[in-house]
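The next block holds one structure in the form of structure tokens; read it before the comments.
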Amino acid sequence: MPHPIKFGTDGWRAVIADGYTFANLARVARATSRWLHARSPAPAAVLGHDTRFMGRAFAEHAARVLAADGVRVILADTFVPTPAVSYAAKALGAEAGVVITASHNPPQYQGYKLKASFGGPATPAMIAEVEALIDDAPVETDGMPAFAALVAEGAITRRDLRRAYLDLLRDGLDLDAVRGAGRIAHDAMYGAGQGYVADLVGEDRVVPVRSVVNPGFEGQAPEPIARNLEPLSRAVVKAGCAAGLANDGDADRIGMMDEEGRYVTAHQILALLVDYLYTERGLRGGIVKTFSTTHLLDRMGDAYGLPVETLPIGFKHIAPRIIEGDVLVGGEESGGIAVKGHLPERDGLFIGLLVVEMMGRRGRPLSALVKDLYDRFGPHHYHREDVHLTLAQKEHALGRLDREGGLDRIDGHPVTRVETLDGYKHVTGGGWLLIRPSGTEPVLRVYAEAETEAAARALVTDALRQLGAG
């Protein structure tokens, strides 16, 4: 029986040599080529990969299938961040972009992200169309021209995507203000973002952390969340940096440390950007956030007169809103953020440097900027746990939520309402708590926000206890 292929919240992902094989990758690439030909008589696709294990080999295999099917392929000449591929798809007039990456997943995973011609993630409708074209039958590749032959005949062209992407970042940032903020530590987490910050602001102003190629990521998922960023925290403190930036494996997500080596959440980054773009840059537009993102943005929207829209989790839901309407900031709890005037795409490098630009222009440390937000809009502290469960445990937990419509009481707080846009969000007088299964891993994700970090943790702990998952 063929391996089932299903796109999650951000592309198709599977374990290398299990579900993620050359044969299954060819099935997805063939479906993509069919989809592209239905959209254009002479389609083109930009294709890139990150630093993950076998990335180049998988990228060349996908390029071969696409090119043999008559798709003109523009292949990155080396590993590149996902936003570089998204930008290239738009700038070069391609019908799509493809990135071989599993993003922040553990090192045993590989993946396949599909990008649209507008320079952002393919919409859910586009993804559904591609999924419907994936055959169970294997793709016969033995009779296809070799990769080298397709390059020789011009069906596949190698291109430097790095330089154009760097130019995009230079055009969108005040690099003098970035340099004026002070020295920066940049943690590439062994991923595709390595070297970019130094190229933009100067090697003498950047402390590189985990900025070499290591396809196994030292056994750790390249996800820029607090528990994974101790090396960055230490580097910030040791070198006296003004801030630390961290990116995931394909550099579309951002994590940050302040000048004291303390983690700055994606929620805080989103709020800082709303404040900065509204006040310093004089921009206006809506705030678009996903279901697991801070309610601080709702308070800011009320204060600034900006509309706030909440969508299901996954940046693929945000990108269409940016294309269709007037959006100031769009983002999600996992560190995927886009802002007005840049790509309709997550871009961890651009977003991190934009916050540093804010620090430079205001002449204030990052910790003070976060404190100022809480002083004005009230404290919003966040806690999240990703719980690995057996199938039986997961079914028990989700089954109870389905049957009972959620929990009645959490950490002593009565639940006033349950929202089910994407999972089960319980709203209480002591904060809110969301429970939802991961779309790409065998994990139950539990999120909470309250006035203190201890209160947020207590909500998560009690919910897990009630569900038998603690």
Side-chain angles (χ1 to χ4, degrees), residues 5 7 11-14 16 20-103 110-117 119 121-122 126-127 130 133-135 138-165 192 215 249-250:
I5 295 174
F7 282 64
W12 168 55
R13 298 177 199 172
I16 299 168
Y20 203 98
T21 63
F22 285 103
N24 287 332
L25 174 60
R27 291 167 59 204
V28 180
R30 170 61 55 81
T32 303
S33 73
R34 289 174 174 170
W35 178 72
L36 289 170
H37 279 292
R39 301 172 70 84
S40 170
V46 178
L47 203 156
H49 64 91
D50 66 9
T51 60
R52 195 171 284 264
F53 181 67
M54 294 286 287
R56 188 68 187 180
F58 285 129
E60 291 184 355
H61 188 67
R64 182 186 175 209
V65 174
L66 290 167
D69 281 357
V71 177
R72 182 169 60 87
V73 177
I74 303 159
L75 178 64
D77 61 357
T78 186
F79 62 83
V80 288
T82 283
V85 175
S86 296
Y87 173 63
K90 178 181 179 181
L92 298 176
E95 278 68 39
V98 171
V99 192
I100 303 300
T101 175
S103 187
Q110 256 294 8
Y112 185 101
K113 289 186 179 181
L114 186 63
K115 301 299 173 179
S117 59
M126 293 174 179
I127 295 296
V130 173
L133 295 170
I134 299 174
D135 282 342
V139 176
E140 294 296 334
T141 57
D142 288 346
M144 287 183 183
F147 174 81
L150 291 165
V151 171
E153 68 183 49
I156 299 172
T157 58
R158 298 187 183 95
R159 193 173 184 117
D160 178 3
L161 302 187
R162 181 186 181 96
R163 183 177 303 178
Y165 174 60
D250 63 329

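- Shortest non-hydrogen contact noted between Pro145 and Ala68 is CD-CB, 4.3 Å.
- Between Ala29 and Tyr112, the shortest heavy-atom contact is CA-OH, 3.9 Å.
- Put simply, the residue from Leu150, Val151, Ile156 that forms a side-chain contact (heavy atoms from CB on, under 4.5 Å) with Glu153 is Leu150.
- Between atom CH2 of residue Trp12 and atom NZ of residue Lys113 there is a gap of 15.0 Å, rounded to the nearest 0.5 Å.
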Problem - Worked check of side-chain contact (heavy atoms from CB on, under 4.5 Å) between Leu92 and Arg159 - result: CA-CA 11 Å; Leu92 298 176; Arg159 193 173 184 117; 3.6 Å; yes

Going by atom type alone, with no hydrogens or angles, which donor-acceptor pairs under 3.5 Å involve a side-chain atom of residues 43-56 and a protein atom two or more places apart or on another chain?
{"residue": "His49", "atom": "NE2", "partner": "Arg56", "partner atom": "NH1", "Å": "3.2"}
{"residue": "Asp50", "atom": "OD1", "partner": "Arg52", "partner atom": "N", "Å": "3.0"}
{"residue": "Asp50", "atom": "OD2", "partner": "Thr101", "partner atom": "OG1", "Å": "2.6"}
{"residue": "Thr51", "atom": "OG1", "partner": "Tyr190", "partner atom": "O", "Å": "2.7"}
{"residue": "Arg52", "atom": "NH1", "partner": "Asn105", "partner atom": "O", "Å": "3.3"}
{"residue": "Arg52", "atom": "NH1", "partner": "Pro106", "partner atom": "O", "Å": "2.8"}
{"residue": "Arg52", "atom": "NH1", "partner": "Tyr109", "partner atom": "O", "Å": "3.0"}
{"residue": "Arg52", "atom": "NH2", "partner": "Ser103", "partner atom": "O", "Å": "3.0"}
{"residue": "Arg52", "atom": "NH2", "partner": "Asn105", "partner atom": "O", "Å": "3.0"}
{"residue": "Arg56", "atom": "NE", "partner": "Glu60", "partner atom": "OE2", "Å": "3.4"}
{"residue": "Arg56", "atom": "NH1", "partner": "Ala76", "partner atom": "O", "Å": "2.6"}
{"residue": "Arg56", "atom": "NH2", "partner": "Ala76", "partner atom": "O", "Å": "3.3"}

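- Of the possible donor and acceptor atoms, one in the side chain of Arg64 sits under 3.5 Å from a partner among the backbone N and O of Thr141.
- The minimum heavy-atom distance linking Ala62 with Ile100 is given by the pair CB-CD1, 4.5 Å.
- Side-chain atoms of Arg27 and Ile5, non-hydrogen and from C-beta on, do get closer than 4.5 Å to each other.
- Taking CZ from Arg162 and CZ from Phe79, the interatomic distance works out to 7.0 Å, rounded to the nearest 0.5 Å.
- The CG atom of Asp77 lies 7.0 Å from the CG atom of Leu161; values are rounded to the nearest 0.5 Å.
- The shortest non-hydrogen separation linking Ile127 to Ala122 is CD1-CB, 3.9 Å.
- Separation of atoms CD (Gln110) and CD1 (Ile16) is listed at 5.0 Å; rounding is to 0.5 Å.
- Side-chain atoms of Met144 and Val139, non-hydrogen and from C-beta on, do get closer than 4.5 Å to each other.
- Residues Val73 and Thr157 are not in side-chain contact: their nearest non-hydrogen atoms beyond the backbone lie 4.5 Å or more apart.
- The line from CG of Leu114 to CG of Leu36 is 7.5 Å long, rounded to the nearest 0.5 Å.
- Taking every heavy atom of both residues into account, Pro81 and Tyr165 meet most closely at CG-CE2, 4.0 Å.
- Under the 30°/60° scheme for interplanar angles, the aromatic rings of Phe22 and Phe58 are found to be tilted.
- Counting only residues at least two apart or in different chains, side-chain hydrogen bond (donor to acceptor under 3.5 Å, both in side chains) contacts with residues 79-98 comprise Thr82-Asp250, Ser86-Glu345.
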Exercise for the section: Please report the C-alpha distance between Asp69 and Arg34 in whole Å, then the side-chain angles of each, then the deciding distance to 0.1 Å, and finally whether the side-chain contact (heavy atoms from CB on, under 4.5 Å) criterion is met. Expected result: CA-CA 8 Å; Asp69 281 357; Arg34 289 174 174 170; 5.7 Å; no

